[in-house]
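What follows is one structure encoded as structure tokens, with my remarks underneath.
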Protein chains: 2
Amino acid sequence: MPEEPRRQARGQRRMVQLLDAAAVVFAEAGYAKATTNAIARQAGVSPGTLYQFYANKEALAEALAERYRSELAAAHQKAFDPGTAQLPLPELVDRMIRPMVEVNLENPGFKALFGSGDLPDKLTAPTRALQRAVTGRVAEVLAARYPELPTDRLETTAAVATQIFAALLGTIVTTPATHRERWITELNQALVGYLTPLDQRV
Amino acid sequence: MPEEPRRQARGQRRMVQLLDAAAVVFAEAGYAKATTNAIARQAGVSPGTLYQFYANKEALAEALAERYRSELAAAHQKAFDPGTAQLPLPELVDRMIRPMVEVNLENPGFKALFGSGDLPDKLTAPTRALQRAVTGRVAEVLAARYPELPTDRLETTAAVATQIFAALLGTIVTTPATHRERWITELNQALVGYLTPLDQRV
DNA sequence: GACAAACACGAGTAAATGCTCGTATTTTTC
DNA sequence: GAAAAATACGAGCATTTACTCGTGTTTGTC
């Protein structure tokens, strides 16, 4: 087993650069059709160099997914002070949705890793990790709002909400900015509609 | 432009056979990773024979999508007598959902064409046609139930409902039959929740 | 400044894959 | 039953693509 070399400053910059390039190419072509050579070209670097830092395409995807995960976590942290969970449902949902949409707009390629269902087996692992991270966050918020809800019910609800979100995310980000708000509203209504029964049971 | 040969009985059987095989392979591997050679093998036929009937992989996908579209139409026709549109919302939604889930369970590969978002450009055409067909049907039902709803609002709602459906379809069909009903219920609640506000405006 | 480790290059390789083509068999047509 | 059209085969071609490797350059360490 070859051990990781001690990265020097230049190398660390390259790694970031390559991740940026991967994001662009994944966004343009989708994961399956994205070629490692194209990613290297986009980064202004030779294929050999790419492989000096990432063992293969999957490792690249994994690293990118990890980046998104942490950006998402940061965005959510920022949008959530304690007490948010007790807001009226439409506002709570809005606070969950906005940061994710924004992370998405800022990071082309997110959708390519998060959304699609037809990815080769290799990618399912990093993708599922991302999905789980999001679902987990949703579950936390739901747990804060509905403390007496049984765990399994909580998880089901979080999973469904996340999937609804993922489904509409594509439409939202590909829509021209002028009409974007409308679809966000629609997503909000869908989620509020789904969650309202829980509110009334309390 | 080479014209289509007059198919004889044997040829027509082969075409069905190949479509069946394609459905199986698409279901197992997803569209992108499915190889035409594997489809031919699955059909017990040589690659050359496959191409005697379908010009390329895309044509195969198109034909399969068309098959699904007609099966879906038939299933819906059967589930819909006039008056259904005035049923209580949960029942209406149930009547829309069931046949589609069933078509899906009977036709592995449907999801591979309908669900995923990351397909190569070539496939977007047949996929979108399928999506549009489903959305169109949903729009018809909504139009019957909410006659005074403006057209664009109708279409937006139908599109969102269809996407929610598509998102949860994957989970529903991959879940073991024992727990399937639970996810169907969840999908039902999501859609009912989304549509309820429309009901109350009347 | 010398030595090693990390970085960089890019032509090239092996494997995969959509698809072709020459040829042979079966079915239809007359 | 003979010519034509349709069906069938499967080896293999052309292309794509993830990845390698030999070689040269830059950076860090002593």
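In the text below, chain A, chain B and the rest are named by the order of the sequence lines, each starting its count at 1.
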Taking OP1 and OP2 of D/dT17, is either one under 4.0 Å from a side-chain nitrogen or oxygen of A/Thr36?
no
Residue set satisfying salt bridge (Lys or Arg N to Asp or Glu O under 4.0 Å) with A/Arg14, at least two apart, ordered chain then number -> none
Rounded to whole angstrom units, what separation is found between the CZ atom of B/Arg13 and the C1' atom of D/dA8?
14 Å
Mind checking if B/Ala34 touches a base, just sugar-phosphate, or nothing, with heavy atoms under 4.0 Å?
sugar-phosphate
Can you tell me if B/Thr156 and A/Glu186 form a side-chain donor-acceptor pair at under 3.5 Å?
no
Length of the CG-P vector between B/Asn37 and D/dA8, whole Å
17 Å
Could you check B/Pro47 against B/Arg10 and say which one's nearest nucleotide on DNA chain D is further toward the 5' end?
B/Arg10
B/Gly48 or B/Gln8: which one's nearest nucleotide on DNA chain C is closer to the 5' end?
B/Gly48
Please report how far the helix from C/dG1-D/dC30 to C/dC30-D/dG1 bends, comparing the axis fitted to its first five pairs with the axis fitted to its last five, to the nearest 10 degrees.
10°
Could you tell me whether B/Gly11 contacts a base, only the sugar-phosphate backbone, or nothing, with contacts defined as non-hydrogen atoms closer than 4.0 Å?
sugar-phosphate
Just the rounded figure in Å: distance from C1' of D/dC19 to OH of A/Tyr54.
17 Å
Nucleotide nearest A/Pro5 (side chain, heavy atoms from C-beta), chosen from C/dC9, C/dC7, D/dT7
C/dC7
When A/Tyr51 and B/Ala9 are each assigned the nearest nucleotide of DNA chain D, the 5'-most assignment goes to B/Ala9
Inter- and intrachain pairs under ring-ring contact (aromatic ring centres under 6.0 Å, His included), touching residues 52-77 of chain A, at least two apart
A/Tyr68-A/Phe110
Taking for each residue the nucleotide of DNA chain C bearing the nearest heavy atom, is the 5' side occupied by B/Lys57 or by B/Arg6?
B/Lys57
Sidechain N-carboxylate O distance under 4.0 Å for B/Arg98, B/Glu181
yes
